[in-house]
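Only this structure's heavy atoms are used, side chains among them; waters, hydrogens and symmetry mates stay out.
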Amino acid sequence: MSIADLAEQVRYSKSHMANIEAAHRTPPPDLPPLLDTALPSAEGFFTRFFPLVSSDSFPDWSRRYMALEPVANTHLKFSLSIPGLWQTESYGLAFLRLGLPRASETEIRDLWAIRKARQQVLRLPKPPFIWAVLDEAALRRVVGSTEVMRGQIRRLIEIAGSTDAAVQILPIDRAHGAIGGSLTLLHFDDAPRVAYLEGLLSGQLLESPDEVTNMALVYDTLRAEALTPDDSLAWLERATEERPK
């Protein structure tokens, strides 16, 4: 397929597509899924690897993780906030504004566009399975507004009811070994699993088998202390009803 034909299918100008092909311009976030639709033989390649093209937008300590995230088949997560792959736009924008109070609205929206593009991995024919343990505080603390939180919790209810995810709520009164930050374990078809620890201003990717095993044990204890997936879904449903209108 020629550049001209491809440009017509994805509704971008030929010159724009030529500049992207020559690496003179960065692809916009909505282009990868359009390319995957126009080129089905790519099997979701453009959506999976778009985050790598945008890696300059992330600090050095997170770039290795960003390279691994789209190729993992399973994500096991513990998070003190709503995971980026599951955030609604309203929650994501409000969350970014809280973390970057001096950023301009354009900068915030550019960062959200990249995060939203990462979410395209969930729309692949074979998306990764994500099992997330969420700290109750992430759902009790209001980010944006009560309506923003209600919409985010509804999104989590949809996710919890799917076959590609499991959600557990860790009650706020239960101590655990990951109080200092979030934890992600990535599993792959043909490579050893890795662990990623993330705090407010730093992150650490662990690839040593012993270190990853230790983090897997921490995750197992978190999962054991959390509500079951069924009880967590019931908790989320009650939470939408309890929040003031």
Practice task
Decide side-chain contact (heavy atoms from CB on, under 4.5 Å) for Leu197 and Thr184; before the verdict, give the C-alpha distance in whole Å, the side-chain angles of both, and the deciding distance to 0.1 Å.
Solution key: CA-CA 7 Å; Leu197 307 175; Thr184 300; over 6 Å; no
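- When atom types are taken as modelled, the side chain of Glu8 and the backbone of Asp5 share no donor-acceptor pair closer than 3.5 angstrom.
- For the pair Gln87 (side chain) and Leu93 (backbone), a donor-acceptor distance under 3.5 Å is absent.
- Using a distance-only test at 3.5 Å, with no hydrogens or angles considered, a donor-acceptor pair links the side chain of Glu136 to the main chain of Ile172.
- Here Arg155 pairs with Glu158 in a salt bridge; the nearest charged N to carboxylate O distance falls below 4.0 Å.
- The ring pair (Phe, Tyr, Trp, His ring centres under 6.0 Å) analysis of residues 87-126, with sequence neighbours excluded, yields the pairs Tyr91-Phe95.
- The closest side-chain heavy-atom distance from Glu69 to Leu85 is below 4.5 Å.
- Within the 4.5 Å cutoff, the side chain of Leu156 has heavy atoms near those of the Leu139 side chain.
- Partners of Thr213 by side-chain contact (heavy atoms from CB on, under 4.5 Å), not counting sequence neighbours, listed by chain and number: Arg193.
- Hydrophobic clustering, with ILVMFWY side chains joined whenever heavy atoms are under 4.5 angstrom apart, keeps Leu217 apart from Leu183.
- No donor-acceptor contact under 3.5 angstrom links the side chains of Gln168 and Arg223, judged on distance only.
- Using a 4.5 Å cut-off between side-chain heavy atoms of Ile, Leu, Val, Met, Phe, Trp and Tyr, with links allowed through other members, Leu134 and Leu98 fall into the same hydrophobic cluster.
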